[in-house]
Each structure stands twice: as C-alpha cells, then as structure tokens.
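Just so we're on the same page: letters track the sequence lines, and every chain starts at 1. Quantities reported herein were computed from a predicted structural model and do not represent experimental measurements.
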2 protein chains.
Amino acid sequence: MQPRKSAFSECPAARALECVGEWWSILILRDAFQGFTRFDEFRQSLGIAPNILSRRLAHLTEAGMFERRLYSEKPPRHEYVLTAKGRDFFPVVVALFAWGNTHLAPKGEALLLADRKTERPVDPIMVDAGSKARITSTNVVLIPGPRASRGMLKRLASIKALRPTAYSLEE
Amino acid sequence: MQPRKSAFSECPAARALECVGEWWSILILRDAFQGFTRFDEFRQSLGIAPNILSRRLAHLTEAGMFERRLYSEKPPRHEYVLTAKGRDFFPVVVALFAWGNTHLAPKGEALLLADRKTERPVDPIMVDAGSKARITSTNVVLIPGPRASRGMLKRLASIKALRPTAYSLEE
DNA sequence: CAGTATCCTGTCCGATACTG
DNA sequence: CAGTATCGGACAGGATACTG
C-alpha cells in the first residue's frame with residue numbers, strides 16, 4: 001500500500017485498507033483466525049516466502065493487529081497472537097469468504113463455515129445489532145458522524161441528490 | 001494482484017482477493033454503492049488518475065462486478081452499473097467500514113451508516129441467516145464442503161488439532 | 001525453528017498529455 | 001465528458017541463501 005493522500009482517508013473503509021490492503025495481510029489474518037500463531041505455521045499454510053511473511057507480520061504487528069509474544073526463553077521464540085483489534089477484523093474475512101463461496105466457487109464449495117458446536121453450516125449475513133434488520137446496499141446510507149468535516153458534509157449532500165436506483169440492473 | 005498459484009486458491013476468501021485485491025477496487029465499489037456510475041464521478045470522488053481508473057473499471061467489469069451500459073448514443077457514453085455479483089459484495093465493504101470506524105477513527109467518526117428511512121445509525125454485525133446467532137471467530141469453524149479436495153481434508157484435520165484458544169490474548 | 005539478507009521481477013499507481 | 005497513450009517510480013512479492 002503506497003501512502004495515500006486522497007481526501008478520502010476520511011472514510012473508515014479507506015483507512016482500513018491502508019492497514020490491511022496488501023494481499024497477504026488478509027490471508028494471514030484468515031489463518032490466525034484458525035488458530036495459527038507461529039511463523040512456520042503461516043509459512044507452510046500459505047506457501048509464502050519467508051521474507052514476505054516477515055514483512056507482513058511486522059506490519060500487522062505494528063498496526064496493532066497482532067501482539068508478538070515470547071513463548072520460549074531459550075531459544076527465544078515468538079508467536080503472533082491476535083489483539084482485540086485483530087479479532088474484530090473477523091467479519092471482514094467472513095464477508096469475503098461468503099462472497100467468494102457464492103460467486104467464485106466453481107461448481108460447489110470446497111469449504112464451508114459452520115457452527116463450532118453443532119457443526120451445522122452457517123450462512124453469514126450483516127444485520128443491525130439493534131433492530132436485527134438486514135443491511136443491504138439499498139436500505140442504508142452514509143450520514144455524517146460527530147467528526148464530519150465541512151467537505152464531507154458537502155459530499156454527502158451531493159450524494160443524496162444522486163439517482164438512488166443506480167444499482168438496479170435487472171431487478 | 002499477481003497471479004497466485006498457492007494451493008490456497010481453494011479458499012473462497014483467497015479467490016475473492018484475486019478479484020478485488022487491488023487497493024482501488026474496493027473504494028470504487030464503495031462509491032458504486034453510493035450510486036456512482038460514471039467515469040468522472042468515480043474520478044472526482046476518488047482523486048484517482050484516469051488511466052488507473054480505466055484499468056480498475058475494466059478489471060471489475062471483466063470480473064463481472066460491473067456491467068458497462070450505454071446510456072447515450074451520440075456521443076456514445078457508458079456507465080458502470082453493479083451486477084448482482086457486485087451488489088453482493090456490499091457486506092464486505094460494510095464490514096471494512098465498521099471495523100475502520102471502531103478501530104481507526106481518530107477520536108470520533110466522520111461517517112456513520114444509517115437506515116435509509118429512519119436515518120438512525122446502524123451497528124453492523126454478522127449473524128447466521130437461519131439461527132440469527134452472532135458469528136465470531138470463536139464460535140465458527142471451517143468444514144469441508146461438497147467439493148473439498150483430499151488436501152483440504154487433511155488440512156482441516158490438522159487445524160482441528162490446533163490449540164483452540166490461541167486468540168485469547170487478554171480475555 | 002524462526003527468521004534475516006540479497007537480488008530480482010512484475011505491476012500498481014501517479015503524472016501528464018492527448019483525443020473524439 | 002470519457003476515456004487512451006506513455007513514462008517513471010515505488011514497492012509488494014518471489015527465489016534463494018544464510019544464521020543462531
């Protein structure tokens with residue numbers, strides 16, 4: 001991820017990408033969610049070059065997604081443990097996973113997500129925590145938050161004026 | 001995104017990244033969800049170089065996220081309309097957005113997601129469509145799907161043997 | 001086992017100029 | 001307005017060799 005100066009680092013999604021925008025970052029996190037914590041576990045699982053893994057791990061640690069923790073004194077050995085921030089990234093991976101399974105699985109899924117206890121497959125969707133209403137591109141909008149800048153307010157106003165059914169291809 | 005040969009393109013999340021792994025792709029989609037459809041709308045909104053925008057738009061169109069549709073005969077003008085596949089990507093953007101707002105907002109959010117009708121902020125979470133149970137990294141696992149390969153089965157077995165509470169940093 | 005050190009290639013991206 | 005053409009730079013990622 002090159003440094004980005006776009007006015008749009010005001011958008012949380014854009015900021016998120018500055019954190020995990022590299023290809024491998026997300027896959028490393030995916031494996032971390034499976035319980036992987038060690039260098040070689042990641043390396044073998046991903047088939048990634050060690051220098052690259054080292055770089056990405058360092059970056060993710062710096063970004064506060066992992067904590068590097070000593071698990072053996074001699075020889076000194078570290079493991080990479082997800083922080084709260086890292087763990088909270090889970091929905092992103094799940095969303096990506098679900099989308100991939102629906103739209104990119106070449107005739108049938110190779111992998112499914114399942115409840116840990118019942119082992120029954122789950123079908124992940126986004127809902128509002130309060131109302132439990134499903135969140136889709138048609139029923140939510142962006143609104144200014146407490147720290148919205150002047151420019152952001154203007155932008156949001158102009159968006160409101162947009163043809164709202166732009167994404168109504170074939171429906 | 002360089003071509004990846006890792007055995008792990010078997011994972012839907014990895015395949016998804018081959019589709020939208022570039023930085024701009026997701027931001028373009030984000031804007032598309034706001035109702036943007038035209039070249040210059042994207043260009044101005046993102047502050048992206050036209051050649052790059054052209055490339056990304058072509059790639060996303062090829063990947064089946066957008067459909068390029070003629071909206072004016074003379075002069076010939078195209079707009080980029082989200083397909084069903086593209087629209088289904090929304091949860092990923094929302095998840096990214098929510099995570100960014102929680103963990104990267106420097107004292108207060110500039111933007112919030114809200115219900116389109118009531119304009120009340122929503123708090124996006126992942127749940128199982130059936131049971132409505134919340135999906136977290138601790139209560140779901142990967143299981144083999146109908147098309148799981150031999151290698152995948154072996155891999156999943158080995159994961160099961162992993163210390164299951166690896167991500168229990170400070171909790 | 002857990003990395004670091006080098007070298008190399010690809011390409012993503014930025015800037016800019018130009019066209020119907 | 002909606003792009004294409006060209007050039008250059010930065011860096012992610014690959015391959016490989018080496019260390020405690």
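B/F42 comes within 4.0 angstrom of no nucleic acid atom, judged by non-hydrogen atoms across all strands.
Place A/P50 and B/L57 on DNA chain D by their nearest nucleotides, and B/L57 ends up nearer the 5' end.
The side chain of B/R68 approaches D/dG3 more closely than any other nucleotide in the set D/dG13, D/dG3, C/dG3. With D/dG3, C/dG3, C/dC13 as the candidates, the nucleotide lying closest to the side chain of A/F39 is C/dG3. Nearest to the side chain of A/D40, among D/dA2, C/dG14, C/dA2, sits C/dA2.
Counting distance only, with no hydrogens placed and no angle test, the side-chain atoms of A/N51 and the base atoms of D/dG14 include a donor-acceptor pair under 3.5 Å. Checked by distance alone, A/R55 brings a side-chain donor or acceptor within 3.5 Å of a matching partner on the base of D/dG13.
When the side-chain nitrogen and oxygen atoms of B/R56 are compared with OP1 and OP2 of C/dC13, one or more of them lie within a distance under 4.0 Å. The side chain of A/Y71 contributes no N or O atom lying less than 4.0 Å from OP1 or OP2 of C/dC1. Note on A/W24: a side-chain N or O is less than 4.0 Å away from OP1 or OP2 of D/dG14. A/S54 has a side-chain polar atom (N or O) that falls below the 4.0 Å cut-off from OP1 or OP2 of C/dT4.
Geometrically, B/R56 does not engage B/F42 in a cation-pi contact, judged by NZ or CZ lying under 6.0 Å from the ring centre and within 45° of the ring axis.
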